[in-house]
Amino acid sequence: MSDLSKNFKVNLEPTINSGQVFLWEKIGKKWYGIDGDRVLVFDNEQKFEKNMKYESSFFRFDDNLLEISKELGKDKNVKNALKLYPDLRLTRQNPFQCYVSFIASSNSNIPNIKLRLKNLCKMFGKRTTIDNLDFFLFPSAHDLANATMSDIRKCGFGYRAKAIKSASISVVNGEINFEELKKIDYHKAKEKLLKIFGIGNKVADCVLLFSLEKLESFPLDRWMLRILQKYYSKKFQISTKTITEKTYDRLHENIIEYFGCYAGYAQQFLFKLERDLYGKKWL
DNA sequence: ACCTGACCTCGTCT
DNA sequence: AAGACGAGGTCAG
């Protein structure tokens, strides 16, 4: 019988700095993160108690890491990453925040995305004080659906402002229902997300993986394609250029076949591995 | 069906 | 010091 409390462990540095989240910062010795209408606070020695339900859920302590590691360890690169970042966790984020964040991420870079989202919270979110520090919570779908495009634009979203607003309206009017998307399967959920203006394959996969319980989701961005080309050129043929819808789907199928149903976890570890290799730092 | 270019903004780099 | 460049994609033609 394995000690379950052993599972209640996370290393914030690789978890926060692996491209899953944007609204986190380290102040002094603590990490502060916005997740929807909450501020999560941790230090690196954080002890997780059984009553910390939200936090445990955020870091997916309910996943069977033992089984997942066993499954993923079949690949040598992922195995290597698992060893390097044993307490890197996949996150289970507030779906609306995740959805907006990744729509905001397209054709941009991490510092810019962080800046925009922070501005968005400042303009539309509620202010709250923790440890004598001010934070702004993530706005609701209602807040953003009613916002003017010009105000959203002022946050630095550029042409994405239109997508942010219309995607928020889709949540308010029920076209997008996150609880429902959690229940239906990967392909059906993805199909619904792809109908939203501003959401393509990559963004849809991020939202599905980081907030909608689809662990087989494997977002293919330019980094992932580079990684696949570099280490897996024999297994998957990558054309390197921007890939078409069909190529994306075919590639994803091959990836599931190879990495299995926890492919999303594999993606997270590989991504972190390669970003570190290039010395990319976000905080 | 595939391919190509345009696209807001803001670090960085010259 | 101003101007070019490109960054975790998506959409329209």
Side-chain angles (χ1 to χ4, degrees), chain A residues 14-24 81 88 90-91 93 97-120 122-123 147-168 170 176 190-211 217-230 237-252 255 263-283:
Chain A
T15 301
I16 303 308
N17 283 323
S18 53
Q20 323 181 52
V21 292
F22 301 99
L23 290 170
W24 283 73
L88 190 175
L90 203 62
T91 53
Q93 304 172 27
Q97 177 175 334
C98 188
Y99 169 84
V100 171
S101 298
F102 283 96
I103 290 173
S105 77
S106 81
N107 189 29
S108 191
N109 53 45
I110 309 282
N112 273 344
I113 301 163
K114 291 173 66 127
L115 181 64
R116 270 174 212 148
L117 293 173
K118 204 171 175 178
N119 289 340
L120 191 73
K122 226 177 248 178
M123 188 176 295
T148 66
M149 291 246 288
S150 126
D151 278 348
I152 298 175
R153 225 169 213 280
K154 278 181 198 145
C155 298
F157 285 84
Y159 63 86
R160 303 170 195 80
K162 187 180 164 194
I164 300 295
K165 183 171 166 73
S166 69
S168 299
S170 298
I176 289 294
K190 185 164 181 180
E191 206 176 311
K192 290 225 174 195
L193 285 174
L194 287 175
K195 291 200 176 110
I196 302 303
F197 177 79
I199 298 188
N201 269 303
K202 189 268 176 182
V203 169
D205 274 331
C206 285
V207 179
L208 291 166
L209 177 60
F210 300 133
S211 72
S217 171
F218 194 104
L220 291 167
D221 55 27
R222 59 196 302 130
W223 281 91
M224 257 316 140
L225 291 173
R226 209 174 295 167
I227 291 166
L228 293 180
Q229 179 178 233
K230 186 168 167 188
Q237 298 118 332
I238 317 289
S239 54
T240 67
K241 291 168 192 170
T242 48
I243 54 176
T244 64
E245 184 104 18
K246 210 168 188 178
T247 315
Y248 193 106
D249 289 342
R250 177 183 56 74
L251 204 49
H252 184 255
I255 282 166
Y265 263 98
Q267 180 268 170
Q268 204 56 34
F269 281 92
L270 289 172
F271 188 83
K272 175 63 179 164
L273 195 64
E274 196 67 3
R275 290 292 290 213
D276 277 0
L277 198 60
Y278 281 81
K280 293 280 186 186
K281 291 265 159 54
W282 298 304
L283 290 176

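Just so we're clear, the structure is a prediction, and the values are computed from it rather than from any experiment.
- Put simply, NZ on A:Lys162 is 11 Å from C1' on C:dA12, counting in whole angstrom units.
- For A:Ser217, the side chain to side chain contact (heavy atoms under 4.5 Å, CB included) partners at least two apart in sequence or on another chain are A:Tyr186, A:Asp205, A:Leu208, A:Leu209, A:Lys214, A:Pro219.
- For B:dC8 and C:dG13, the P atoms lie 14 Å apart once the distance is rounded to whole Å.
- Within the 3.5 Å criterion, the main-chain N or O of A:Met224 finds no donor-acceptor partner in the side chain of A:Glu274.
- Here A:Lys192 pairs with A:Glu180 under the salt bridge (Lys or Arg N to Asp or Glu O under 4.0 Å) rule; sequence neighbours left out.
- Under the side chain to side chain contact (heavy atoms under 4.5 Å, CB included) criterion, A:Lys122 pairs with A:Phe136, sequence neighbours left out.
- Residues that satisfy the side chain to side chain donor-acceptor pair (under 3.5 Å) test with A:Ser166, not counting sequence neighbours, are absent from this structure.
- Looking at residues two or more places apart in sequence or on another chain, you find no salt bridge (Lys or Arg N to Asp or Glu O under 4.0 Å) involving A:Asp249.
- Counting to the nearest Å, the C1' atom of B:dT4 and the CD atom of A:Glu245 are 17 Å from each other.
- Annotated as anti: C:dG9, whose O4'-C1'-N torsion sits more than 90° from 0.
- Distance A:Tyr248 OH to C:dC11 P: 13 Å, rounded to the nearest Å.
- Evaluation of the side chain to side chain donor-acceptor pair (under 3.5 Å) rule for A:Lys195 yields no partner, not counting sequence neighbours.
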For this session: At under 4.0 Å between heavy atoms, which parts of nucleotides 9-14 of chain B does protein reach? Answer with one letter per nucleotide, 5' to 3': B base, S sugar-phosphate only, - none.
Result: BBS---

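- Separating the P atom of C:dG9 from that of B:dA1 is a span of 25 Å, rounded to the nearest Å.
- What separates CZ of A:Arg250 from C1' of B:dA1 is a distance of 15 Å, to the nearest Å.
- Under the ring pair (Phe, Tyr, Trp, His ring centres under 6.0 Å) criterion, A:Phe102 pairs with A:Phe22, A:Phe210, not counting sequence neighbours.
- Look at the P atom in both B:dT14 and C:dA7: the space between them is 14 Å, to the nearest Å.
- DNA chain C is contacted by both A:Arg222 and A:Val203; A:Arg222 maps to the nucleotide lying nearer its 5′ end (nearest heavy atom per residue).
- Each of A:Phe210 and A:Ile199 has a nearest nucleotide on DNA chain C; the 5'-most of these lies closest to A:Phe210.
- The closest donor-acceptor contact from the side chain of A:Arg116 to the backbone of A:Ala104 lies under 3.5 Å.
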Exercise. Could you write out DNA chain B as a dot-bracket string, with dots for unpaired bases, | for bases paired across to another strand, and Watson-Crick or G-U pairs counted at under 3.5 Å?
Worked result: ..|||||.||.|||

